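Reviewing the structure listed below.
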Amino acid sequence: MEYITVALAKGRLAKKAMEILEKAGISCDEMKDPDTRKLIFTNEELKMKFFLAKAGDVPTYVEYGAADIGIVGKDTILEEGRKLYEVIDFGIGRCRMCVAGPESAKELLGSGKRIRVATKYPNIAKDYFTNVLHQTAEIIKLSGSIELAPIVGLSEVIVDIVETGSTLRENGLAVLQEIVPLSARMVVNQVSMKMEQERIQKLIADIRAVIGTDN
Ligand code: PRP
């Protein structure tokens, strides 16, 4: 039997996702050692391998088949635009992709005026401004602390993730438009889905049994 390999996005989501997998009988004790420098973990009984990767790289591993399965945020899935099957909404890490900025920037949206948009998600931002707002936007790619951009005059608005909204509030900014709700998802390589149909469908069913069938 071949190994089924799972790529998990490093960080907050990975731990919660592993807890759900564990409840579904898909565990990996090796991975729990906080001091380990190992990159890939194996469960020989299940014939499964697990590894952690930068979120943005997870869809790449899955599209190329280096991982059969990925667990990653919907924000990354949308941004990367890879050819994958999205099969489960884990319902964890719920937040929203938004256009945000000072209230005064609201009138700029959809106005046809040129606008500068700072973001970690250039593809999502470009798509929203072009296809939803029909507005020419200069997309300025940043790597973090996006909220700074409108404060220091780098851009009029930002496209970013909003969870509690406190980062915006504490910086005098607000949600101006909501683009899409987000949460952690399971994605599957398109060939693996056919070649390992039985095993992957069983994994999906076992996980759904833990998180509820609506997902
Ligand atoms: C994310 C996001 C916002 C913040 C939203 O940043 O980019 O800045 O969290 O959360 P809130 O609505 O609960 O305040 P993250 O902490 O991942 O770091 P970053 O700024 O470096 O991207």
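Indexing begins at 1, ligand by ligand and atom by atom, following the structure's order. Note that the coordinates shown come from a computational prediction; the quantities given were computed from them, not determined experimentally.
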Side-chain donor-acceptor pair under 3.5 Å between S192 and N189, yes or no? yes
Strictly by modelled atom types, are Y128 and Q135 linked by a side-chain donor-acceptor pair under 3.5 Å?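 Q135 and Y128 do not have a side-chain donor-acceptor pair below 3.5 Å.
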Those atoms of ligand 1 less than 4.0 Å from some heavy atom in S166: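 Contacts of ligand 1 toward S166, numbered from 1: 12 (O), 14 (O).
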Within 4.0 Å of some non-hydrogen atom of V162, the atoms of ligand 1 are 12 (O)
Considering only NZ, NE, NH1 and NH2 on the basic side and carboxylate oxygens on the acidic side, decide whether E22 and K32 come within less than 4.0 Å.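 Salt bridge between E22 and K32, a charged N being under 4.0 Å from a carboxylate O: yes.
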Are E86 and K74 ion-paired here, with the side-chain N under 4.0 Å from a carboxylate O?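 A salt bridge links E86 with K74.
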Which residue and atom name correspond to the protein heavy atom nearest [atom], and how close is it?
atom                    : result
atom 13 (O) of ligand 1 : T164 OG1, 2.5 Å
atom 19 (P) of ligand 1 : S145 N, 3.7 Å
atom 18 (O) of ligand 1 : K120 NZ, 4.6 Å
atom 14 (O) of ligand 1 : T167 OG1, 2.4 Å
atom 1 (C) of ligand 1  : I161 O, 4.6 Å

For a 4.5 angstrom cut-off between non-hydrogen side-chain atoms, does P59 reach V187? no
On a heavy-atom basis, I'd like to know which of M97, R12, E147 is closest to atom 15 (P) of ligand 1.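 Residue with the shortest heavy-atom distance to the ligand atom: R12.
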Tell me whether E107 at atom CD has more than 12 heavy atoms from other residues, nucleotides or ligands lying less than 6.0 Å away.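 Open.
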Is D160 touching ligand 1 with its side chain, its backbone, both, or neither, if touching means heavy atoms under 4.0 Å apart? side chain
Is it the side chain, the backbone, both or neither of R169 that has a heavy atom closer than 4.0 Å to ligand 1?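 The answer is neither.
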Any idea which heavy atoms bring V117 and A125 closest together, and the distance? CG1-CB, 4.3 Å
Please report the closest heavy-atom contact between V162 and L168, naming both atoms and the distance. CG2-CD1, 3.6 Å
Any N/O of G165 closer than 3.5 Å to an N/O of ligand 1?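 Yes: some nitrogen or oxygen of G165 is under 3.5 Å from one in ligand 1.
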Closer than 4.0 Å: a protein non-hydrogen atom to atom 22 (O) of ligand 1: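 Looking at atom 22 (O) of ligand 1, one finds that a protein heavy atom does lie closer than 4.0 Å.
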Taking atom 9 (O) of ligand 1 as the reference point, report whether a protein heavy atom occurs under 4.0 Å from it. no
When M97 is tested against each of I161, D160, T119 for side chain to side chain contact (heavy atoms under 4.5 Å, CB included), which residue passes?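 Only one of I161, D160, T119 forms a side chain to side chain contact (heavy atoms under 4.5 Å, CB included) with M97, namely I161.
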